[in-house]
There are 2 protein chains.
Amino acid sequence: MQVTTLCLGALVFGDATGYEINKMFEDGPFSHFLDASYGSIYPALMRLAEEGLVTCKAEAQERRPDKKIYSLTGKGRLKLRDALQQPIADDKFRSEFLFTLLFAHLLPRNRVRTMVDHRLAAMKQKLIELSQPDAEDTPGMDFARQYGYAIYSASIDFLENNRHLIEDIATEEEAHV
Amino acid sequence: MQVTTLCLGALVFGDATGYEINKMFEDGPFSHFLDASYGSIYPALMRLAEEGLVTCKAEAQERRPDKKIYSLTGKGRLKLRDALQQPIADDKFRSEFLFTLLFAHLLPRNRVRTMVDHRLAAMKQKLIELSQPDAEDTPGMDFARQYGYAIYSASIDFLENNRHLIEDIATEEEAHV
DNA sequence: TTAACATATATAGCGCCGATATATCGGCCC
DNA sequence: GGGCCGATATATCGGCGCTATATATGTTAA
């Protein structure tokens, strides 16, 4: 699923600038299960405008660069509907944390402990974010939020209950991969 | 973390060809939390060989292209050890499934039901794969496997217990995004 | 005061995925 | 027997997308 499709989806929730769409992926409702960045969002919006799937209205601002507000067109809605009916790719989970732990027996114990501490702290932070329902959320967003909450809860439980397994096999002294 | 680093890590478990490394990412021990493909693995191995981080030994085969067996060098081990001490990127979870469900209220109920059924079937398959410990696994691999098991279990539980939330808001008739 | 942060758009460089090309063998179905 | 698929094995092309950066300015905090 390309960034163009994600932008189409973002615009279903209302007109937005590229900057605002980026925020949806960085902090907003999409941030927990999608990613896209400026380097792909701006070109995507330009491509979509060329194809007539969105319209772009420049809004002058005092002492600021113009805002370019994008809106979905009817054609864009149809294109999104079409994309949503296509076969869906499998969920992807990418973890450099687990990759690093594959070599735990070759790493100093302190390094492993610190890594686990950091990961737990990060996940607990995510859990807090996901525990707060927003009145403005659509039912789909609320579902995704609860789904994320369930997964982070399980991850935290697992890590807290099993971290000793990986820490016990780490070496006491310096690393010697 | 680049594919070069992942290849270095793969070679810690023993000499391998590019083809075999690819299999580790596709079906093997890395498949549940990492990805890399031919388009990045072959160039990565060539770059690593140029830098003296791996060596390459061509093995002639009858009526087959030569196997190129790659081995980690001492310098490569040090490089990996160094990479493993660097700050680790956050885990990334990417789900087109959840993205699509954001628009559940705009999709036909049958489509949503089928999607959930497919996702559950796929996750149950993963769960089966992850439930079988392998005597050859290192402790790190075993930990990663159990971690994956915990997450898929939680996902399946959540989906089974909450699918009605999202199915109830889907529309009865045709899509009208 | 000055650094950091937020608003806002845009691009260059490079890494990586997906698809494809090439070549051969074994197994399976018809 | 013939044809097709999947596995083995290497390699590259095209295009997408991330990271970092450039540009410009206002606000907030130290």
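Given the structure is predicted, the values throughout are model-derived calculations rather than measurements. Letters A, B, ... are given to chains in the order of the sequence lines, protein chains preceding strands, and every chain is numbered from 1.
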(request) Measure the distance from CG on B/N22 to P on C/dT20 and round it to the nearest whole Å. (result) 17 Å
(request) Would you kindly give the OH-to-P distance between A/Y19 and C/dA6, to the nearest whole Å? (result) 7 Å
(message) Can you tell me if B/K23 touches the phosphate of D/dT8, counting only side-chain N or O atoms and a distance under 4.0 Å to OP1 or OP2?
(response) yes
(message) Tell me the interatomic distance from A/K67, atom NZ, to C/dA6, atom P, rounded to whole angstroms.
(response) 16 Å
(message) Within the 4.5 Å heavy-atom criterion, are B/S155 and A/I151 side-chain neighbours or not?
(response) yes
(request) Please report, rounded to the nearest Å, how far the P atom of D/dA11 is from the CD atom of B/E20. (result) 14 Å
(message) If the cut-off is 4.0 Å, is B/K68 near the phosphate of D/dT10, judged by side-chain N/O to OP1 or OP2?
(response) no
(message) Using a strict threshold of under 4.0 Å (side-chain N to carboxylate O), is an ion pair present between A/D91 and B/K126?
(response) no
(message) For B/F93 and A/Y152, I'd like to know if the aromatic rings sit close, meaning centre-to-centre distance below 6.0 Å.
(response) no
(request) Measure the distance from CD on B/E26 to C1' on D/dA9 and round it to the nearest whole Å. (result) 13 Å
(message) Taking only side-chain N and O atoms of A/Y42, does any of them lie within less than 4.0 angstrom of OP1 or OP2 on C/dA10?
(response) no
(request) Round to the nearest Å and state the distance from B/L45 atom CG to C/dC16 atom C1'. (result) 14 Å
(message) Assess whether a salt bridge exists between A/R94 and B/D35, defined as any Lys/Arg side-chain N lying under 4.0 Å from an Asp/Glu carboxylate O.
(response) yes
(message) Quick check on C/dT9: is either OP1 or OP2 less than 4.0 Å from any side-chain nitrogen or oxygen of A/T17?
(response) yes
(message) With a 4.0 Å cut-off on N to O distance, would you call B/E160 and B/K124 a salt bridge?
(response) yes
(message) Before we go on, tell me: are the rings of A/F143 and B/F158 under 6.0 Å apart, centre to centre?
(response) yes
Output a table of nitrogen or oxygen pairs between the protein and nucleotides 14-18 of chain D separated by less than 3.5 Å.
| from | atom 1 | to | atom 2 | distance (Å) |
| --- | --- | --- | --- | --- |
| D/dG17 | OP1 | A/V3 | N | 3.2 |
| D/dC18 | OP1 | A/D35 | O | 3.3 |
| D/dC18 | OP2 | A/S37 | N | 3.2 |
| D/dC18 | OP2 | A/S37 | OG | 3.0 |
| D/dC18 | OP2 | A/S40 | OG | 2.4 |

(request) Starting at atom CZ of A/F25, determine the distance to atom C1' of D/dT19, rounded to an integer number of angstrom. (result) 17 Å
